[in-house]
Amino acid sequence: MELKWEFSAGGVVYKKEDGKVYVLLIRVKNRWSFPKGNIEREEPREKAALREVKEETGVDAQVVDFLGEIEYWYSLHGYKIHKFVYYYLMKYTGGDITPQKEEIDEAKFVPLEEAENLLTYDNDKKILQRAIKKLKELGEI
Ligand code: ATP
């Protein structure tokens, strides 16, 4: 089987309302994760992450910090794909949630303490833990 690499960037977008912190999750079929998507040629990772958050969810945000990368393998059309996703902590700045019809079934802000249970993938849970650590350092929680 032929090998391919894929590189995406995405965001853990948080917002604070009445002292409570929420994070933005997306659902594709029955799987919950963070908004993300392919980095275009020559595009800076941060820019790709913000663009994909906007395209997939309708939400505007600003990058606060880099959270790290995850990697996984999957197979598609006879290729074995090694995928890397670079995640950024982002602060919500505006915009209504409008899930991108073709790719996303649902997008919503969930209370921070419910996010871990909803997330499907262990590597995303690891990124969430880093986001929580960072939010504590920033005094946001
Ligand atoms: P992108 O959103 O980056 O454009 P995509 O929608 O084309 O990507 P992925 O979300 O990477 O594709 O999904 C491809 C395959 O990998 C699916 O089978 C999916 O279930 C699986 N997958 C998605 N996210 C993860 C993850 N964090 N860990 C392991 N497997 C994952």
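As the structure lists them, so they are numbered: ligands from 1, and atoms in each ligand from 1. When reading the values below, keep in mind they use all heavy atoms of this one structure, side chains included, and skip hydrogens, waters and symmetry mates.
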Select the closest option to atom 14 (C) of ligand 1 among Tyr74, Phe7, Tyr121, Phe34, judged by heavy-atom distance. Tyr74

Among Tyr72, Trp73, Phe84, closest by any non-hydrogen atom to atom 24 (N) of ligand 1: Tyr72

Below the 3.5 angstrom mark, is there an N/O of Glu103, backbone or side chain, next to an N/O of ligand 1? no

Are [X] and [Y] packed together at the side-chain level, in the sense that at least one heavy-atom pair is separated by less than 4.5 angstrom?
X      : Y      : result
Leu112 : Leu128 : yes
Tyr14  : Ile141 : no
Tyr86  : Ile39  : yes

Counting non-hydrogen protein atoms only, what is the nearest one to [atom]? Give residue, atom name and distance.
atom                    : answer
atom 28 (N) of ligand 1 : Asn123 ND2, 3.1 Å
atom 4 (O) of ligand 1  : Gly37 CA, 3.7 Å
atom 6 (O) of ligand 1  : Lys36 NZ, 4.3 Å
atom 5 (P) of ligand 1  : Lys83 NZ, 3.9 Å

For residues Glu17 and Tyr92, is any side-chain donor paired with an opposing acceptor at under 3.5 Å? no

Number the atoms of ligand 1 from 1 as they appear, then name those within less than 4.0 Å of a heavy atom of Arg31, with their elements. 20 (O)

So that I can tick it off, tell me whether Lys54 and Asp60 are bridged by a salt bridge, with the cut-off set at under 4.0 angstrom between side-chain N and carboxylate O. yes

Single-linkage hydrophobic cluster Phe84~Leu50, side-chain heavy atoms < 4.5 angstrom: yes

Note: Ile70, heavy atoms under 4.0 Å from ligand 1, region reported as side chain

Donor-acceptor pair, distance only, cut-off 3.5 Å: does the side chain of Arg130 make one with the backbone of Leu67? yes

Any non-hydrogen protein atom less than 4.0 Å away from atom 18 (O) of ligand 1: no

